[in-house]
2 protein chains.
Amino acid sequence: MRLHRTGSLPLYRQVQQVLQERIESRALLPGDRLPTEHELARELAVNRLTVRQAISELARAGQLVVRQGIGTFVAEPPAHFVVTLGPERSMAAVEHTTRTLEQEGMPAREVFLSSAIEDCAEAREQLRLPRRRLRRVDTQFLVDGEPWSANTYWLADTRFRGITDRLVHDGSVFRACAEHYGTDLRYAWRSFAAAAASPREAELLGVAVGTPVLVREGLNIDSSGTPTVYVTRRLRSDRMRFVLRYEHDPIVE
Amino acid sequence: MRLHRTGSLPLYRQVQQVLQERIESRALLPGDRLPTEHELARELAVNRLTVRQAISELARAGQLVVRQGIGTFVAEPPAHFVVTLGPERSMAAVEHTTRTLEQEGMPAREVFLSSAIEDCAEAREQLRLPRRRLRRVDTQFLVDGEPWSANTYWLADTRFRGITDRLVHDGSVFRACAEHYGTDLRYAWRSFAAAAASPREAELLGVAVGTPVLVREGLNIDSSGTPTVYVTRRLRSDRMRFVLRYEHDPIVE
DNA sequence: AAGTGGTCTAGACCACACC
DNA sequence: GTGTGGTCTAGACCACTTC
């Protein structure tokens, strides 16, 4: 195989096409290891950096998975787990998702990462709190040992005093609010956006920097309508997807 | 300024930090042009490729905008337009969004791109149609002349015969369905995910390949409950964001 | 024509995983 | 140690924008 500049298609795009053809023709199956970068470079008579440029775009797009020291692999078709959102503002939420996952043999749990007094303009405004009262709690959602989301919660330090100690053994913030503080939460709003994974987020999610992540933010209010928890989740877009169903009587999270 | 390998932080990350510091300290303001890649390379005593690697990640993350032949600029803070979704399945949808945008002085319109008989397993399943009856329509949503979303609609060719001609002057597919075919649509479901822009999508949206985009899919049914239009939208995540409000009585799309 | 970013090369060394 | 991907360099030429 030999590539060369033709028309105006850059070499690295031609390399991409070669790889995509091999995947689509099933010459390479999900989970298979690609030839090494050196081998591909030699085989296609291009520089290794050109191969890397081709691979890195395909990896970002989720078609390949690169593992340092091991090799580059054809990605498994994403096990898009569908989370169904109802029109309700209730929050059986995490509970429901967790149960569903477990029924499919995928043990899910939320793990506490860190907690600190910290300021954040957006959280301050949403919660209407002075800056010194703002507590930030970070958690990770693991499914089958694999990180699926990185979460940041903002809440009033005074109202949930000592919550950090509660979270060490069970990282579920919402459960802690309910069980230890008697606070029933429901949604005021939730939002969806897409963003590139920052270095920190990429590490937490086990993906490459710049990988698209689904950003879900939400404000939770207590039964009196007071803004109580402002949460930001970054979700692996190759693992989760949200669906708003209107037909049937709908469930949660 | 001189960078060198310290600890284990790669050079290109140090270059990123330098740039981010200049942006955060407001030494570089939104819209400002950065020094050229050659200049940065010389100034920081690193290779130009190293500078490029730093810049390309920041560009993907939306902090910088790179324009060939012109220069690299600090991105304007994203004018996240918020689209409010109600729990209703109704579809005042595009209408409402368009009106809101226009009130803010941003003329919005949907533009027809192409139309063809084409097969798609997912669309076939959603619409329960045989493959030969499947029509694909592509449109672009422009706000103030700038592309905000790339849309693909799937519908029954027989039911909407001649729709292509209707769309040439007004690209709004939903409006065409209502006005020319008397079909009132509402949502059965909508979904949200994130993905990397493919070369084709990147071109339509005016962003770099691999930029995170918000993927919104939905199935629309007519008043008898028949699946009628299956639509996939790719939205610029630096321009739009979806919010589900639960508090007030809610509006549309 | 001049200046910008876009692509490509050859070669080197480093960090990580596995044996 | 061996082999993988990760980082980095020096230098070249191309494509696009502006003048």
Side-chain angles (χ1 to χ4, degrees), chain A residues 2-19 31-60 63-75 199 202-203 206-211, chain B residues 2-19 31-60 63-75 199 202-203 206-211:
Chain A
R2 243 193 129 63
L3 305 178
H4 38 272
R5 301 250 16 188
T6 61
S8 60
L9 202 57
L11 269 181
Y12 75 91
R13 290 222 180 279
Q14 297 181 45
V15 174
Q16 282 181 358
Q17 290 182 343
V18 169
L19 295 176
D32 282 0
R33 212 194 74 184
L34 267 63
T36 69
E37 296 178 349
H38 291 93
E39 283 169 359
L40 279 172
R42 187 155 23 86
E43 180 194 349
L44 303 175
V46 300
N47 189 269
R48 186 180 150 218
L49 274 189
T50 306
V51 171
R52 278 180 66 75
Q53 191 173 358
I55 288 177
S56 74
E57 267 192 20
L58 293 176
R60 251 203 328 279
Q63 297 196 42
L64 298 178
V65 176
V66 181
R67 287 196 280 169
Q68 180 167 5
I70 305 180
T72 302
F73 301 81
V74 179
E203 196 194 334
V207 299
V209 175
T211 301
Chain B
R2 245 194 125 63
L3 305 180
H4 39 272
R5 300 249 17 186
T6 62
S8 61
L9 202 59
L11 269 179
Y12 75 90
R13 291 224 180 278
Q14 297 181 45
V15 174
Q16 282 181 358
Q17 291 182 343
V18 169
L19 295 177
D32 281 359
R33 211 193 76 182
L34 267 61
T36 69
E37 296 177 349
H38 291 92
E39 282 169 359
L40 279 171
R42 187 155 20 87
E43 179 193 351
L44 302 174
V46 300
N47 189 271
R48 186 182 151 218
L49 273 190
T50 306
V51 172
R52 279 180 65 76
Q53 191 173 358
I55 288 177
S56 74
E57 268 193 19
L58 293 176
R60 252 204 324 282
Q63 295 195 43
L64 298 177
V65 176
V66 181
R67 288 196 278 168
Q68 178 167 4
I70 306 182
T72 301
F73 301 81
V74 179
E203 196 194 334
V207 299
V209 175
T211 301

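Within every chain, numbering begins at 1; the chains are lettered A, B, ... in the order of the sequence lines, protein sequences first and strands thereafter.
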Interatomic distance, A:Q53 CD vs C:dC8 C1' [rounded to whole Å]: 9 Å
Backbone N/O of B:R52 and side chain of B:E37: donor-acceptor pair under 3.5 Å: no
Length of the line joining B:E57:CD and D:dT7:C1', which is rounded to integer Å: 12 Å
With A:E57 via side chain to side chain contact (heavy atoms under 4.5 Å, CB included) - residues at least two apart: A:Y12, A:R13, A:Q16, A:R60, B:V209
Between N or O atoms, less than 3.5 Å apart, protein on one side and nucleotides 17-19 of chain D on the other: list the pairs.
none

Of the listed nucleotides C:dT9, D:dC8, D:dT4, the one nearest the side chain of A:L11: C:dT9
Whole-Å distance separating the CG atom of A:L64 from the P atom of D:dG5: 11 Å
B:R67: partners by side chain to side chain contact (heavy atoms under 4.5 Å, CB included), with sequence neighbours left out: B:V65, B:I70, B:F73
Atom-pair distance (CG on A:N47; P on D:dT7), nearest Å: 16 Å
N/O (side chain, B:Y12) to phosphate O (OP1/OP2, D:dT7) under 4.0 Å: yes
CA sep, side-chain torsions, deciding dist, call: B:L9, B:Q17, side chain to side chain contact (heavy atoms under 4.5 Å, CB included): CA-CA 11 Å; B:L9 202 59; B:Q17 291 182 343; 3.6 Å; yes
Whole-Å distance separating the CZ atom of A:R33 from the P atom of C:dA17: 15 Å
Residue whose closest nucleotide on DNA chain C lies nearer the 5' end, B:H38 versus A:T50: B:H38
Whole-Å gap separating P (D:dG11) and CG (A:L49): 17 Å
Among D:dG5, C:dC8, C:dT9, the one nearest A:P10 by side-chain distance: C:dC8
Protein-nucleotide distance (A:E37, atom CD; C:dA12, atom C1'), rounded to Å: 15 Å
Any A:T50 side-chain heavy atom under 4.5 Å of A:Q53 side chain: no
D:dG6 OP1/OP2 closer than 4.0 Å to side-chain N/O of A:R52: yes
Side-chain heavy-atom pair B:L40, B:L19 within 4.5 angstrom cut-off: yes
Contact under 4.0 Å: A:T72 side-chain N or O vs D:dG5 OP1/OP2: yes
Side chain to side chain contact (heavy atoms under 4.5 Å, CB included) between B:N47 and B:L11, intermediate numbers included: CA-CA 10 Å; B:N47 189 271; B:L11 269 179; over 6 Å; no
Distance, rounded to the nearest Å, where A:R48 contributes CZ and D:dT7 contributes P: 10 Å
